[in-house]
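Take a look at the structure below.
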Amino acid sequence: MLLGCALLAGGPADAAQHDAQAPINLEAASTDFDYRNNTLLFRRVKISQGTLQVEAQEASATGLEFENSQWSFKGQVRITVPDGKLASDLATVAFRDNEIARAVVQGGPATFEQRLEDGRLAKGRAKSIEYDVRAGTARLVGDAWLSDSRNEISGNTLVYDIARQRVAANPDETDPGGVRITINPQEKKPATPAPTPKEQAP
């Protein structure tokens, strides 16, 4: 089953754009450099580039460079992306050409949230969430679930377009379980009684 729907909003959002040319900044409480194995270990680390930010209790990498490398994070991982946030126990972040290109978060479960234009909070969770910086998408895989605080959609694979606030469920039509959608009716406001006409004086 293929489903592409504007479940979470009625139109494109005025999403913030990531500045891939911004410098990469790294802050940490401490670091250990293993010269023999050429590995770096950071504790209570924060890496940021423009509107992107990655925080964790611990991070490891093979060398302090961002040209073409992969970093591993664990412990209270928090990733801030344009107009959204991801959280998990574990994450891997790929750097390409001195910019954050891709992040994969895993947890029990990994979570995602975004504030929608109308003020509602969209939330999602899955065993794994892959955030593609250039595409601006979050791919939720494994018991995936998304909600806009009113309606819900679930399946094995959900692909959420952050800028357009749209979700495609089971996009490759390969998940045997298909998708499930729960649409909760909006609460109707009580009707205001019509005013009683005043009697005209004789």
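One finds the CG atom of Leu41 at 6.5 Å from the OG atom of Ser60 (value rounded to the nearest 0.5 Å).
For Phe73, there are no ring pair (Phe, Tyr, Trp, His ring centres under 6.0 Å) partners two or more places apart in sequence or in a different chain. Legend: residues meeting side chain to side chain contact (heavy atoms under 4.5 Å, CB included) with Ala87, ordered by chain and number and at least two apart, are Arg78, Thr111. Every side-chain hydrogen bond (donor to acceptor under 3.5 Å, both in side chains) that Glu55 has, sequence neighbours left out, goes to Gln53. For Asp34, the side chain to side chain contact (heavy atoms under 4.5 Å, CB included) partners are Arg36, Asn37, Thr39, not counting sequence neighbours. Asp89 meets the salt bridge (Lys or Arg N to Asp or Glu O under 4.0 Å) test with no other residue; sequence neighbours excluded. Residues that satisfy the salt bridge (Lys or Arg N to Asp or Glu O under 4.0 Å) test with Arg115, not counting sequence neighbours, are absent from this structure. With sequence neighbours excluded, no residue forms a side-chain hydrogen bond (donor to acceptor under 3.5 Å, both in side chains) with Asp143. Residues meeting the salt bridge (Lys or Arg N to Asp or Glu O under 4.0 Å) test with Glu58, sequence neighbours left out: Lys74. By the side-chain hydrogen bond (donor to acceptor under 3.5 Å, both in side chains) test, Ser69 pairs with Trp71, sequence neighbours left out. Arg96 is linked by a salt bridge (Lys or Arg N to Asp or Glu O under 4.0 Å) to nothing, counting only residues two or more places apart in sequence or in another chain.
Within the structure, the salt bridge (Lys or Arg N to Asp or Glu O under 4.0 Å) test picks out no pair touching residues 104-114 (sequence neighbours left out). Under the salt bridge (Lys or Arg N to Asp or Glu O under 4.0 Å) criterion, the residue pairs touching residues 43-54 are Asp32-Arg43, with sequence neighbours excluded.
Using a 4.5 Å heavy-atom cutoff, the side chains of Val159 and Val167 are not in contact. Two residues are said to be in side-chain contact when any heavy atoms from C-beta on lie closer than 4.5 Å; Arg102 and Glu130 meet this criterion. Within the 4.5 Å cutoff, side-chain heavy atoms of Tyr131 are placed close to those of Leu52.
For the pair Asp148 and Arg120, the salt-bridge criterion is met [side-chain N within less than 4.0 Å of a carboxylate O].
Side-chain N or O atoms of Gln49 include one that pairs as donor or acceptor with a backbone N or O of Ile100 at under 3.5 Å. Between the side chain of Ser88 and the main chain of Val77, no donor-acceptor pair closer than 3.5 Å is present. For Gln114 (side chain) and Ile162 (main-chain N/O), a donor-acceptor pair under 3.5 Å exists by modelled atom type.
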